[in-house]
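This report refers to the structure that appears directly beneath it.
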Amino acid sequence: MVLIVDDIKANIIALKKTLELHNIDVDSAESGEEALKKILQTNYCLIIMDVQMPGLDGFEVVKILSGNKKTKDIPVIFLSALNIEKKYIFKGYETGAVEYITKPVDTDLLILKVKTFLKIYEQQNQLKEMKDLLSKEIKIRKEAQDNLETKILERTKELVLKNEELELKNHELQQFSWVVSHDLNEPIRKIQIFIKIIKDLYLAKDDKAVDYVNRTIKSAERMQTLITDLLAYSRLSSTVQPEKTDLNVVLQEVLSDFDYLIERKNATIKTNELPTIDSIPSQLRQVFQNLIGNALKFSNNTDEPLIEITSEIIDAKSFDAKPSSNGKYCRIIVKDNGIGFDEIYLDRIFVIFQSLNDRQSYEGTGIGLAIAKKIIEKHNGLITAKSQIGKGASFIIVLPLQYQEINNAHETKQL
């Protein structure tokens, strides 16, 4: 809405009709004092102000408006037929008016300027609204960011405390495992010794008694193996520094341990050159020991066991990665021609205490492959298997050539 301020009513009526013909809403005031009252009560887009009026003149009214926060941005056009000298025009602009027009007025030019100032005022209001909305949005986001940072700090502190508590419990658990394993192994060892003495001294001529004693000794041996495997599994939680490891040396040590069983089963072992990698040698020795031991244990009794251990350098941490001489990973395959297994049970074989075979026919604790999987994962590697019933099994391992430590976010950083 436009406010016309003039002490001559005829001037107001003429100008009002001209503006209304162009669909411009108009209000009027016949003095400076009346204009100020209306301006404080109504939002005007433009003020057309006469300069010379009784009481407050136009210059004084505009000066008051420019000093008020609410009204300082309302555009004012001075319209005067008397004060047409340059000094008055300069004074009009100095008080804060946006235009100073002298009479006689070009009506078309006046309407064009009025519409222009109305459009500018509208755009300024839109910009102000956008600025206010943006300020509110920034405030909301800042509060949300502050709340998020606070929550992150609280969560981080909580995780640090939980981690410290977990490390303490792991340490206590390892100490407990050591003590329990010693306390359990000792009475089992004595049971084995005394049972053997009873067998040799008092039961040699009683075949049935000897059979029962042999079963007892066998059960004690299985218990001892179970305790040893559990202890080995618990040790994997401890931190050990990696070192350069020639896997050929590790493999030969394992094969040497199996010399008697390999000879007794007439097994054939074929290997190619294995790489040197950063690892924990004792742990990888245990992996080879478990895999080769299983291959010998689950060999097909009708055929001569054949175990093939091969290796190649690959370009990515993937079971299906392509060979590459410049790769950063190695793929090791331990393949046998034993009894095999159905691949639908693949997920089970790496779970602790899971066994797919009759333990009366094939002795074991169901811990060996779980240990192997945990060791490979500690080395930031992968392990899986492929097999068919009666057609052997292939265990596939992917290991980095350079040791990588796994952090809490399941990402890796180069050591």
Side-chain angles (χ1 to χ4, degrees), residues 232 236 239-258 262 267-296 298 305-338 340-341 343 346-347 349-350 368-388 391-407 409-415:
L236 296 180
T239 303
V240 183
Q241 285 298 111
E243 59 184 75
K244 287 289 181 184
T245 307
D246 186 345
L247 294 183
N248 297 287
V249 175
V250 173
L251 178 59
Q252 289 307 314
E253 290 175 354
V254 173
L255 293 177
S256 177
D257 292 339
F258 283 114
I262 291 171
T268 301
I269 311 294
K270 292 184 178 180
T271 68
N272 72 348
E273 188 72 18
L274 302 184
T276 296
I277 68 172
D278 290 349
S279 76
I280 303 167
S282 61
Q283 293 185 359
L284 289 189
R285 186 180 297 112
Q286 195 162 15
V287 172
F288 280 120
Q289 187 171 341
N290 289 341
L291 295 181
I292 294 171
N294 281 350
L296 291 169
F298 300 115
L306 172 62
I307 302 172
E308 298 176 87
I309 302 153
T310 58
S311 172
E312 58 185 343
I313 305 301
I314 55 177
D315 60 3
K317 183 183 174 181
S318 169
F319 295 119
D320 302 318
K322 296 179 180 179
S324 170
S325 58
N326 297 321
K328 296 182 178 181
Y329 297 85
C330 66
R331 178 169 52 224
I332 300 169
I333 301 175
V334 179
K335 180 181 179 182
D336 64 58
N337 62 343
F341 62 89
E343 284 191 15
L346 180 59
D347 292 338
I349 65 173
F350 294 107
L369 289 179
I371 291 175
K373 179 176 172 57
K374 191 168 183 180
I375 289 172
I376 296 303
E377 288 177 346
K378 279 177 68 70
H379 284 73
N380 194 32
L382 305 172
I383 184 170
T384 189
K386 293 182 179 180
S387 182
Q388 291 183 20
K391 295 185 178 181
S394 295
F395 285 85
I396 306 163
I397 298 170
V398 174
L399 286 169
L401 299 180
Q402 188 171 4
Y403 188 77
Q404 296 174 338
E405 183 181 10
I406 304 175
N407 65 18
H410 300 288
E411 297 174 350
T412 60
K413 60 182 180 180
Q414 199 77 26
L415 287 180

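Since this is a predicted model, take the numbers as computed values, not measurements.
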- Query: Quick one: are Lys386 and Glu343 in side-chain contact, heavy atoms under 4.5 Å?
  - Reply: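 Side chain of Lys386 against side chain of Glu343, heavy atoms only: contact under 4.5 Å found.
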
- Item | Side-chain touch His379/Ile375, heavy atoms, less than 4.5 angstrom | yes

- For Ile292 and Leu255, the nearest pair of non-hydrogen atoms, with its separation, is CD1-CD2, 4.0 Å

- Query: What are the two closest heavy atoms between Pro281 and Thr245, and how far apart are they?
  - Reply: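 Between these two residues, the closest heavy atoms are CG-OG1, 3.5 Å.
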
- Mind telling me whether Phe395 and Phe350 have parallel, tilted or perpendicular rings, with 30° and 60° as the class edges? perpendicular

Please check: side-chain N/O of [X] versus main-chain N/O of [Y], any donor-acceptor pairing under 3.5 Å?
{"X": "Asp336", "Y": "Gly392", "value": "no"}
{"X": "Asp278", "Y": "Pro242", "value": "no"}
{"X": "Ser311", "Y": "Ile309", "value": "no"}

So how far is it from [X] [atom1] to [Y] [atom2], rounded to the nearest 0.5 Å?
{"X": "Ile307", "Y": "Ile269", "atom1": "CD1", "atom2": "CD1", "value": "3.5 Å"}
{"X": "Phe341", "Y": "Ile349", "atom1": "CZ", "atom2": "CD1", "value": "4.0 Å"}
{"X": "Gln388", "Y": "Ser394", "atom1": "CD", "atom2": "OG", "value": "10.0 Å"}
{"X": "Ile313", "Y": "Arg331", "atom1": "CD1", "atom2": "CZ", "value": "10.5 Å"}
{"X": "Gln289", "Y": "Asn294", "atom1": "CD", "atom2": "CG", "value": "10.5 Å"}
{"X": "Asn380", "Y": "Ser279", "atom1": "CG", "atom2": "OG", "value": "13.5 Å"}

- Query: Going through the distances and angles, do Leu284 and Ile277 end up as a side chain to side chain contact (heavy atoms under 4.5 Å, CB included)?
  - Reply: CA-CA 11 Å; Leu284 289 189; Ile277 68 172; 3.8 Å; yes

- I would like to know whether Cys330 and Leu401 meet side chain to side chain contact (heavy atoms under 4.5 Å, CB included); could you show each step before the answer? CA-CA 7 Å; Cys330 66; Leu401 299 180; 3.9 Å; yes

- Message: Is there a side chain to side chain contact (heavy atoms under 4.5 Å, CB included) between Leu274 and Asn272? Walk through the geometry before answering.
- Response: CA-CA 6 Å; Leu274 302 184; Asn272 72 348; 4.0 Å; yes

- Apply the test side chain to side chain contact (heavy atoms under 4.5 Å, CB included) to residues Ile397 and Leu291: give CA-CA distance (whole Å), side-chain angles for both, the deciding distance (0.1 Å), then the verdict. CA-CA 11 Å; Ile397 298 170; Leu291 295 181; 3.7 Å; yes

- Determine whether more than 12 heavy atoms belonging to other residues, nucleotides or ligands lie under 6.0 Å from atom CD of Glu253. yes

- Query: Which one of Glu312, Lys317, Gln402 satisfies the side chain to side chain contact (heavy atoms under 4.5 Å, CB included) criterion with Tyr329?
  - Reply: Lys317

All N/O donor-acceptor pairs, side-chain side in residues 319-326, below 3.5 Å, sequence neighbours left out:
from   : atom 1 : to     : atom 2 : distance (Å)
Ser324 : OG     : Asn326 : N      : 3.3
Ser324 : OG     : Gly327 : N      : 3.4

